[in-house]
Amino acid sequence: MIVFGIDPGVSGALSIYENKKLKEVIDMPTMSEGKKNKKQINAAQLSLEIKQRINRSSETAVVIEHVTAMPGQGVTSMFNFGQSFGVIKGICSALTLPIYFVRPVKWKKHFNLIGSSKDASRTKAIELFPSFSNDMAKKKDANKADAILIGRYFLDHFNNEGFHG
């Protein structure tokens, strides 16, 4: 089984598991948009990244963190996040990949990260996958750690009857 764990958003990341083993983690591919050079997801590159790793003889699952609007977030940032979320869903749908959603509170509770700092997910991911510590060496790599833990949460909760997360 191939599992893609996705921390959505422009500063998000993608983890790839094959046969329950973490194979790689990559930053969300992005590109500049417009006069202000705002970052947006590079949908073509994300699609290629996923397609290159799919083995049609293996079962595949895409697990996306299901984030909703938070108080205090601006309208523009929420619109941009929603756009990124939609791009990811659209790519996975076009590739006919099954999509599963997991709320942050679910996977964070599973790893005892409720109420902890954003950086705590990096620590947890490094504890579980020490060979990937170079991929999470900087504070900004917390999104990679989140993607890794989202994928791992799915694997910990998936069985023959499906996903019960």
Side-chain angles (χ1 to χ4, degrees), residues 1-34 36-68 77-104 106-108 111 118-119 121-122 124-126 128-158 162-163 165:
M1 173 178 245
I2 297 170
V3 174
F4 296 94
I6 300 179
D7 180 19
V10 173
S11 61
L14 177 73
S15 66
I16 301 98
Y17 287 83
E18 194 171 335
N19 300 321
K20 297 188 176 186
K21 290 187 171 139
L22 181 62
K23 292 294 185 183
E24 61 184 310
V25 60
I26 59 171
D27 286 318
M28 187 65 66
T30 61
M31 61 187 178
S32 296
E33 169 190 28
K36 295 182 180 177
N37 286 325
K38 288 187 67 166
K39 279 177 35 174
Q40 67 176 6
I41 289 180
N42 182 335
Q45 185 63 38
L46 178 59
S47 180
L48 284 172
E49 296 287 354
I50 292 171
K51 278 198 281 191
Q52 289 173 351
R53 291 162 176 85
I54 294 173
N55 175 350
R56 288 294 178 185
S57 65
S58 288
E59 190 176 359
T60 302
V62 178
V63 189
I64 304 171
E65 184 178 45
H66 193 251
V67 184
T68 56
S77 67
M78 281 315 303
F79 177 82
N80 291 337
F81 182 80
Q83 186 179 27
S84 297
F85 192 77
V87 164
I88 294 165
K89 282 178 62 177
I91 289 168
C92 295
S93 295
L95 294 173
T96 64
L97 299 174
I99 304 169
Y100 301 89
F101 298 98
V102 61
R103 296 209 177 273
K106 288 272 196 174
W107 71 261
K108 288 181 180 186
F111 293 108
K118 177 94 171 132
D119 206 42
S121 64
R122 209 164 55 94
K124 179 55 90 174
I126 290 169
L128 293 172
F129 302 99
S131 63
F132 283 83
S133 62
N134 282 344
D135 293 292
M136 296 175 280
K138 299 178 181 115
K139 261 193 169 183
K140 71 175 186 74
D141 294 327
N143 295 321
K144 286 182 181 176
D146 287 357
I148 288 170
L149 296 176
I150 290 163
R152 175 64 183 263
Y153 173 84
F154 177 84
L155 288 168
D156 288 350
H157 287 82
F158 183 83
F163 178 55

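Just so it is clear, the structure is predicted and the values come from calculations on it, not from any experiment.
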| task | Over all heavy atoms of both residues, which pair between Ala147 and Ser15 is shortest? Give the atoms and the distance, please. | result | O-OG, 2.8 Å
| remark: Residues passing the side-chain hydrogen bond (donor to acceptor under 3.5 Å, both in side chains) test with Asp156, sequence neighbours excluded, are His110, Arg152
| request: Using a 4.5 Å cut-off on heavy atoms from C-beta on, say whether the side chain of Leu46 contacts that of Leu14. | output: yes
| How long is the span from the OH atom in Tyr153 to the NZ atom in Lys106, to the nearest 0.5 Å? | 5.0 Å
| request: Indicate yes or no: at least one non-hydrogen side-chain atom of Phe4 is less than 4.5 angstrom from one of Ile54. | output: yes
| side chain to side chain contact (heavy atoms under 4.5 Å, CB included) assessment of Lys51 paired with Leu97 | CA-CA 10 Å; Lys51 278 198 281 191; Leu97 299 174; over 6 Å; no
| field | Full working for side chain to side chain contact (heavy atoms under 4.5 Å, CB included) between Leu149 and Leu128 | value | CA-CA 9 Å; Leu149 296 176; Leu128 293 172; 3.8 Å; yes
| Residues Arg122, Asp119: salt bridge by 4.0 Å N-O rule | yes
| message | So which atom in Gly9 and which in Ile41 form the shortest heavy-atom distance, rounded to 0.1 Å? | response | O-CD1, 4.1 Å
| side-chain contact (heavy atoms from CB on, under 4.5 Å) against Ser131, all qualifying residues, sequence neighbours excluded | none
| message | Which residues pass the side-chain hydrogen bond (donor to acceptor under 3.5 Å, both in side chains) test with Ser121, not counting sequence neighbours? | response | Asp146
| message | Once rounded to the nearest 0.5 Å, what's the spacing between atom CD1 of Ile6 and atom CD1 of Ile91? | response | 8.5 Å
| message | Distance check, rounded to the nearest 0.5 Å: Ile148 atom CD1 versus Asp135 atom CG? | response | 7.0 Å
| remark: So OG of Ser47 and CG of Leu95: to nearest 0.5 Å the spacing works out to 4.5 Å
| note | In terms of heavy-atom contacts, Ser11 and Asn143 come closest through O-ND2, 2.5 Å
| query | With sequence neighbours left out, what residues match Asp7 under salt bridge (charged side-chain N to carboxylate O under 4.0 Å, His left out)? | reply | none
| Between CG on residue Leu48 and CG on residue Asn42, distance to nearest 0.5 Å | 8.5 Å
| task | Evaluate the ring planes of His66 and Phe101, with Trp represented by its six-membered ring, and classify them as parallel (under 30°), tilted (30 to 60°) or perpendicular (over 60°). | result | perpendicular
| field | Atom pair CD1 (Ile2) and CD (Glu59), whose distance is rounded to the nearest 0.5 Å | value | 10.5 Å
Could you pull out all donor-acceptor pairs under 3.5 Å where a side-chain atom in residues 18-31 meets a protein atom, sequence neighbours excluded?
residue, atom, partner, partner atom, Å
Asn19, OD1, Met1, N, 3.3
Glu24, OE1, Arg53, NH2, 3.1
Glu24, OE2, Arg53, NE, 2.8

| For Lys108, salt bridge (charged side-chain N to carboxylate O under 4.0 Å, His left out) partners two or more places apart | none
| Heavy-atom pair of closest approach, residues Ile64 and Pro8 | CG2-CG, 4.1 Å
